[in-house]
Amino acid sequence: MTTPSAFRILFTCLVFAGGGLAVDPFSGRLAAQDASGDSAPVDVDEEKQIETPDKVEVEPVAVDEDISTRLQNIFGATGWFESTEVRTDEGVVFLSGVADTEKHREWAERLAQKTSDVVAVVNQIKVRARPVWDIHPATVQLQQLGRDFVQVIPLLLVGSLVVFVAYLFSKLAAMLTHRVTARRVDSQLLQQVTASIAAVLVMLIGIYIALKVSGLSRLAVTVLGGTGLVGLALGFAFRDIAENYLASVLISLNQPFRVGDLIELEGQKGFVRRVTTRGTLLLTVDGNHIQIPNSTVYKAILTNYSASPRVRREFVMGIGYDDSVTEAQEVVHEVLVNHEAVLKDPAPLVLVESLGASTVNLVTRFWLDAERFDAASVSSALMRQAKTALNDAEISMPDEAREVVFPNGVPVAMLDSDDTRMAKAGKPKSTTSSAGAKLRRVETTGSDTADSSDAEGNLVNKDDKVQEHVIDTELDDEPNLIS
């Protein structure tokens, strides 16, 4: 029994042998042979975007005029074609005219192919060329955007309401978090950071809900997923700012110094005025402001002169080799013990530091209360009293030995009788230093033995006075992170 495949092969052979056009009765496709004798089947790709009916019914047996009229009416009803002409000859449809797009041109061809009793389609429809200054596509897109915007306005209003409610909840969360942390943490900065984190989390949840309500689910996922990436990018971009901010948090927690402390770091010495999220402000003893980044403050070697109220100071005095060292130590030690600013515990010391060229150098060390007294003023008063006490005890304090050259010799004069009588009358005597220079003994006055003087500022601590004169000139209103 002969199968359909055999009939198909036989029919194809007849087409190649006889030439011309033939219709495959099994596939319904047209086989065409050109002038050279080669034949090829005419295939049309199926359109996926525009759906066409499976069959256009005319009559059970349609004539060529009915097919042309039916297709002509359909093309005219669509409005996609201009100057359309449909001609049918022996079931072969010839299409001509102008289509607005390539899709509609292909659609017309497929429609004609699916029409009843059509055996082949010759598509001669052309696509209308777009003008150079055609703005119609842009106009269509703008109209579409306008319609979409009008449709999304209610959703945007609901989303805005959700964001506003989330903002109120974030404020409430920040306030509650600040109250809770204030009971457990003393650092103001840490309280502020914790409250800010709580507010940001609540606000992010509110924004996510608002985007979901507005129909922007994909954008909502992007916002939450991109928050970490944005934070990472900002961390690299603002690394120094973030480092200073983190250092300010650590400084406020550790508090290595307080406002008014005299500190020294990175070669800068001054009083601490404030610590902000950016840096630490110092006031030098000369009245100048220095802004140091918090990261530098946290990592640098820091000396706090105000951390302990007790501080030690020292000064050096030289006595002659002919004088008693023990007696000089007792004289200076008595001055230290009797002074009101010198602490009894730890006790003051007078030690032999070194043997100089012409003097025995004594180092004097003592402790004082830096909160009550100014260290520089106390040292000045003690050196003044020690010098007076050594002078009263007739202990010499010669200067360093020098070599003096006299090219014309040294004249020598004998004391006359008047100078001898003045010496016997009790006038101040003269002593000769190791360098041969005469030192005149000066009579001691009451001011030399006083514990303090007006020139020394009465020994009072002047740190507060130094800082008071710059309070009105500080314009930075940023809150201070330390007390």
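Scope of the values below: all heavy atoms of this structure, side chains included, with no hydrogens, waters or symmetry mates. Note that the numbering runs from 1 along the sequence shown for the chain.
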Going by heavy atoms in the side chains, are I319 and V325 under 4.5 Å from each other?
yes

Once side-chain hydrogen bond (donor to acceptor under 3.5 Å, both in side chains) is applied, do any residues pair with R147, and if so which ones, sequence neighbours excluded?
Q144

Non-hydrogen atoms of G320 and P398 that approach each other most closely:
N-CD, 3.5 Å

Classify the side-chain pair D286/T284 by whether it contains a donor and acceptor separated by less than 3.5 Å.
no

Hey, does L382 have a side-chain heavy atom less than 4.5 Å from the side chain of T364?
no

4.5 Å side-chain heavy-atom contact, F75 and L111
yes

What is the ring orientation for W107 with W80, classed by angle as parallel under 30°, tilted 30 to 60°, or perpendicular over 60°?
perpendicular

Return each pair, listed once, that meets side chain to side chain donor-acceptor pair (under 3.5 Å) where at least one residue sits in residues 310-326; pairs must be two or more places apart or across chains.
E314-R365, D323-S396

Which pairs count as salt bridge (Lys or Arg N to Asp or Glu O under 4.0 Å) when at least one residue sits in residues 73-82, sequence neighbours excluded?
E82-R128

Which side-chain N or O atoms in residues 150-168 pair as donor and acceptor under 3.5 Å with protein atoms at least two apart or in another chain?
residue, atom, partner, partner atom, Å
S160, OG, L156, O, 2.8

Among V259, D261, N254, find the residue that satisfies the side-chain contact (heavy atoms from CB on, under 4.5 Å) test when tested with F257.
D261

For T276 and S248, which heavy atoms make the closest approach, and how far apart are they?
O-CB, 3.7 Å

Partner residues of K299 under the salt bridge (charged side-chain N to carboxylate O under 4.0 Å, His left out) criterion, sequence neighbours left out
E243

With rounding to the nearest 0.5 angstrom, report the OG1 to NZ distance, T303 to K269.
9.5 Å

Any non-hydrogen side-chain atom of I251 less than 4.5 Å from a side-chain atom of V297?
yes

Filter on salt bridge (Lys or Arg N to Asp or Glu O under 4.0 Å), then keep only pairs touching residues 342-353, sequence neighbours left out; what's left?
none

Would you check if N288 and L283 make a side-chain contact, meaning some heavy-atom pair closer than 4.5 Å?
no

Atom CG of N361 and atom OG of S354: how far apart are they, to the nearest 0.5 Å?
4.0 Å

